[in-house]
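Remarks on the structure that follows.
Just so it is clear, the values below take in all heavy atoms, side chains as well, and ignore hydrogens, waters and symmetry mates.
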Amino acid sequence: MTPSRLDSGLLDIILDGGFDEPFPDGAREIYDLWHAGRPSRRNLWARYDRSLRHEWAGAALFHRPHDQPDQPPGCAYHLDGRFVTDIEGFPGYDRPAYDLRSWGPATTLDDLLGMFAEVDVTVEPR
């Protein structure tokens, strides 16, 4: 422990949380929003860049109920696709750690439809 830069009566303590890389700038805002409860408005994630959309997806997955499915099998899901411009904008897929990704070509609608077809999900674009 070392004396704090903020005040001589304080100590700076460095905690090792097991993270190899710092969180991207702006991630704290996302974590604070989710910590306060589910976001009150839809599509708030769309204003963030690619790295922060990745953080948003992680926070959303962490805050979903883990002991039950989102919906029972056979239910219809409605996805507002206006803001889905890359895989970070598409909900529900496991993603490798942000810093371990290869940033290849963008995922296209055909790519996503192919992923759905592989697991027998019917998509009806409207």
Side-chain angles (χ1 to χ4, degrees):
M1 294 190 286
T2 59
S4 176
R5 296 175 306 179
L6 301 175
D7 184 280
S8 61
L10 300 175
L11 297 176
D12 286 338
I13 300 173
I14 299 172
L15 302 175
D16 181 2
F19 297 104
D20 294 331
E21 298 289 327
F23 293 113
D25 288 339
R28 178 63 183 238
E29 175 185 324
I30 293 169
Y31 305 144
D32 288 345
L33 177 67
W34 277 95
H35 181 72
R38 295 182 72 87
S40 59
R41 295 189 333 244
R42 294 178 184 258
N43 298 322
L44 289 176
W45 59 271
R47 67 182 181 195
Y48 295 110
D49 67 15
R50 196 171 191 183
S51 67
L52 291 176
R53 286 194 312 268
H54 177 79
E55 297 300 322
W56 182 281
L61 287 172
F62 179 80
H63 284 88
R64 74 169 184 80
H66 294 284
D67 58 342
Q68 58 191 6
D70 292 331
Q71 296 287 338
C75 287
Y77 289 84
H78 301 277
L79 173 66
D80 180 351
R82 291 178 291 168
F83 305 110
V84 179
T85 58
D86 54 32
I87 197 68
E88 280 72 32
F90 195 82
Y93 286 111
D94 290 337
R95 297 163 174 86
Y98 182 80
D99 60 333
L100 298 178
R101 293 178 188 219
S102 60
W103 295 106
T107 303
T108 66
L109 178 59
D110 287 337
D111 296 330
L112 293 172
L113 293 174
M115 290 179 208
F116 281 129
E118 288 176 13
V119 293
D120 298 322
V121 171
T122 303
V123 176
E124 298 175 6
R126 295 181 187 180

### Message
For Leu33, give me all partners under side-chain contact (heavy atoms from CB on, under 4.5 Å), at least two apart in sequence or on another chain.
### Response
Pro39, Leu44, Trp56
Could you tabulate the donor-acceptor pairs under 3.5 Å formed by side-chain atoms of residues 22-31, not counting sequence neighbours?
| unit_1 | atom_1 | unit_2 | atom_2 | d |
| --- | --- | --- | --- | --- |
| Arg28 | NE | Asp32 | OD1 | 3.0 |
| Arg28 | NE | Asp32 | OD2 | 3.4 |
| Glu29 | OE2 | Arg47 | NH2 | 2.7 |
| Glu29 | OE2 | Tyr48 | OH | 2.8 |
| Tyr31 | OH | Glu55 | OE1 | 2.2 |

### Message
For Asn43, give me all partners under side-chain contact (heavy atoms from CB on, under 4.5 Å), at least two apart in sequence or on another chain.
### Response
Trp45, Asp80, Arg82, Phe83
### Query
Got a second to check how far Asp12's CG is from Asp7's CG, nearest 0.5 Å?
10.5 Å
#### Entry: Smallest separation among heavy atoms of Ser51 and Asp49, with atom names
OG-OD1, 3.1 Å
